[in-house]
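Because the structure is a prediction, the values reported are computed rather than measured. Note on naming: letters A, B, ... go to the chains in the order of the sequence lines (proteins, then strands), and numbering restarts at 1 for each one.
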There are 2 protein chains.
Amino acid sequence: MSAASTPESPENGRSRRDELLAIAAGLFAERGFKNTTVRDIADAAGILSGSLYHHFDSKESMVDELLDTFQTELWKKYDAIEASDLTPKAKLEAIVRASFEAIGEHRDEVAIFQNDALHLATFERFGYLIERNRKFRTLWTSLLEAGVASGELRADLDVALVYRFVRDTVWVAVRWYRPGGTLTPADVADQYLAILLEGINHG
Amino acid sequence: MSAASTPESPENGRSRRDELLAIAAGLFAERGFKNTTVRDIADAAGILSGSLYHHFDSKESMVDELLDTFQTELWKKYDAIEASDLTPKAKLEAIVRASFEAIGEHRDEVAIFQNDALHLATFERFGYLIERNRKFRTLWTSLLEAGVASGELRADLDVALVYRFVRDTVWVAVRWYRPGGTLTPADVADQYLAILLEGINHG
DNA sequence: GTCTATACGACGATAGAC
DNA sequence: GTCTATCGTCGTATAGAC
C-alpha cells in the first residue's frame, strides 16, 4: 500500500462505482426513484450524466443492485434467526431487532424499498421483490401462529392483521429515524417491543 | 328534474370536474403524483390530455384540491374530538377510529398524502401540509402526555416515540386496506387499539 | 474515467377549431 | 366540453474524443 490513498482508490475498499452507487442510494431514498434523474446523480457526484453509463447500464440497474444486495444480506440474518432454537416469541423479537438494525445500517436501501418497491415489482426484472415479500409474510405469520399455539402470545388476535401492523410499523420507522442521534436502533427496537408486547395502557 | 340524468349531469351531484378529479385521485394514489402523467388521467377518463385543462389549471392544482379538501374535512372531526369532554385516552381512541374511517372513506387521498405529501410540501404552494402536520403532532403528543399524567397510560414511555409509532401505523394501513372486504374500518380500528393498548403478549 | 455532443421520446401545457 | 395540433423542456441513453 502506497503513501496516500485517495477516497476513490480501491485500496480503502470503496471503488468509484460503489461511491456512485451510494450517492444514487441517498437520492433515491430522499426523493424517490422516478423522481431522481440521472443528471441529479451525476451532479451530486460532480460528473456529467453521460459518464454514469461508464459504470452502470441504466438507472434501473442501479436501484436493482442496491435492493438485491441489501435484501440478500438481510435474509442471511433472518434465516439464521429462523433456524435457531429460540422460542417463537423470542424469534419475533430477534427479527424486530434485526430489522431496526437494518434501518440503522442501510437507511437508504430500506427507504427505497419502502417507497418504490411496490411500483418496481410490477416489472419482471424486479420479480424477486414479490418472492421476498411472500417469504417475509410466511416467516412472520408462522411465528405469530406458533407463538399463539405455544401460549406465549394472546389467542384472540387476527394474525394476518397483526402481521401487517408489525411489518409496517417496523419498516415505516425509516421515515423518521436518523442514525447518529441519541437513539440507537437497539433503543428504538426496545421501545417498540415494549409497546407491541405490553401495550401503552397503564397496567 | 327531467327523465334521464346522465352520469355527468349536475343533477346527481357529481360534476364532470368532480369525476375527473376522482379519476386523477385513483391514479395518483396507485402510482404516485409524479409518476402519473396528464395523459394517463385523460386516457382513464376517455378524453385527450389537452381537454383536462378546460377543467384544471395544472396537474399540481388537481392534487392540491384533493389534499386540501380532504384535510379540511378530517380536521373538523379532529377538532370536535379535541373539544369534547372525553378523557385523554378516550380522545386518542376516537382519533384512531376517525383516522381509520378516513382511510375507508377517502383511501385515495390518504394514500396520496402518505406517499407524496412530504415531497410536495417542499413547494410553497403546499406549505399548509407542513402546518397541518405540526398540528397533528401537537394534538397527539399533548393527548399522550395528558394520558400519562392522568394515570390512564403507562408512565415509562417515550411519548415522542410512541407518537411516531402510532401515527405511522394508523396511516400506513392505507397500503393494504381495501374497502368492501370483510373488515370495516371500525373492525380494523378495534384490532389496532387492542394491540396498541394491551399488547400482543399473553396475559 | 470523464468529457462533448446529441438522438429522440415523453412530459406539461397552450391556442384555436368545432 | 372536447378535439387537433403543436411548442418548449426535460428525460434516459448513446457515440466517440480525450
Suppose the criterion is salt bridge (charged side-chain N to carboxylate O under 4.0 Å, His left out): which pairs have a residue in residues 170-190 of chain B, not counting sequence neighbours? B:Arg97-B:Asp190
Name all pairs fulfilling the ring-ring contact (aromatic ring centres under 6.0 Å, His included) condition that reach into residues 20-43 of chain B, sequence neighbours left out, sorted by first residue then second. B:Phe28-B:Phe33
Residue pairs passing the ring-ring contact (aromatic ring centres under 6.0 Å, His included) test with at least one member in residues 71-102 of chain A, sequence neighbours excluded, are A:Trp75-A:Tyr78, A:Tyr78-A:Phe136, A:Phe100-A:Tyr192
Sorted by first residue and then second, give each side-chain hydrogen bond (donor to acceptor under 3.5 Å, both in side chains) pair with at least one member in residues 138-147 of chain A; sequence neighbours left out. none
Does any pair with a residue in residues 43-57 of chain A pass side-chain hydrogen bond (donor to acceptor under 3.5 Å, both in side chains), and if so which ones, sequence neighbours excluded?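 Counting only pairs at least two positions apart or across chains, no side-chain hydrogen bond (donor to acceptor under 3.5 Å, both in side chains) contact touches residues 43-57 of chain A.
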Start and end of the DNA chain D segment that chain B contacts, any atom under 4.0 Å from a heavy atom: D:dG1 to D:dT4
DNA chain C-proximal residues of residues 50-57 of chain A, any heavy atom under 4.0 Å: A:Ser51, A:His54, A:His55
Could you list the donor-acceptor pairs under 3.5 angstrom formed between side-chain atoms of residues 79-88 of chain B and any protein atom two or more places apart in sequence or on another chain?
unit_1: B:Ser84; atom_1: OG; unit_2: B:Ile81; atom_2: O; d: 2.7
unit_1: B:Ser84; atom_1: OG; unit_2: B:Leu86; atom_2: N; d: 3.4
unit_1: B:Thr87; atom_1: OG1; unit_2: B:Ala90; atom_2: N; d: 3.2
unit_1: B:Thr87; atom_1: OG1; unit_2: B:Glu152; atom_2: OE2; d: 2.9

For B:Lys76, what residues pass the side chain to side chain donor-acceptor pair (under 3.5 Å) criterion, not counting sequence neighbours? none
Just jot down the side chain to side chain donor-acceptor pair (under 3.5 Å) partners of A:Arg132, sequence neighbours excluded, or say none.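 Once residues adjacent in sequence are excluded, the partners of A:Arg132 under the side chain to side chain donor-acceptor pair (under 3.5 Å) criterion are A:Gln71.
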Could you list the residues that satisfy ring pair (Phe, Tyr, Trp, His ring centres under 6.0 Å) with A:Phe113, not counting sequence neighbours?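 If we apply the ring pair (Phe, Tyr, Trp, His ring centres under 6.0 Å) test to A:Phe113, skipping adjacent residues, there are no hits.
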What are the atom names and distances for every N/O pair under 3.5 Å that joins the protein to nucleotides 8-11 of chain C?
none

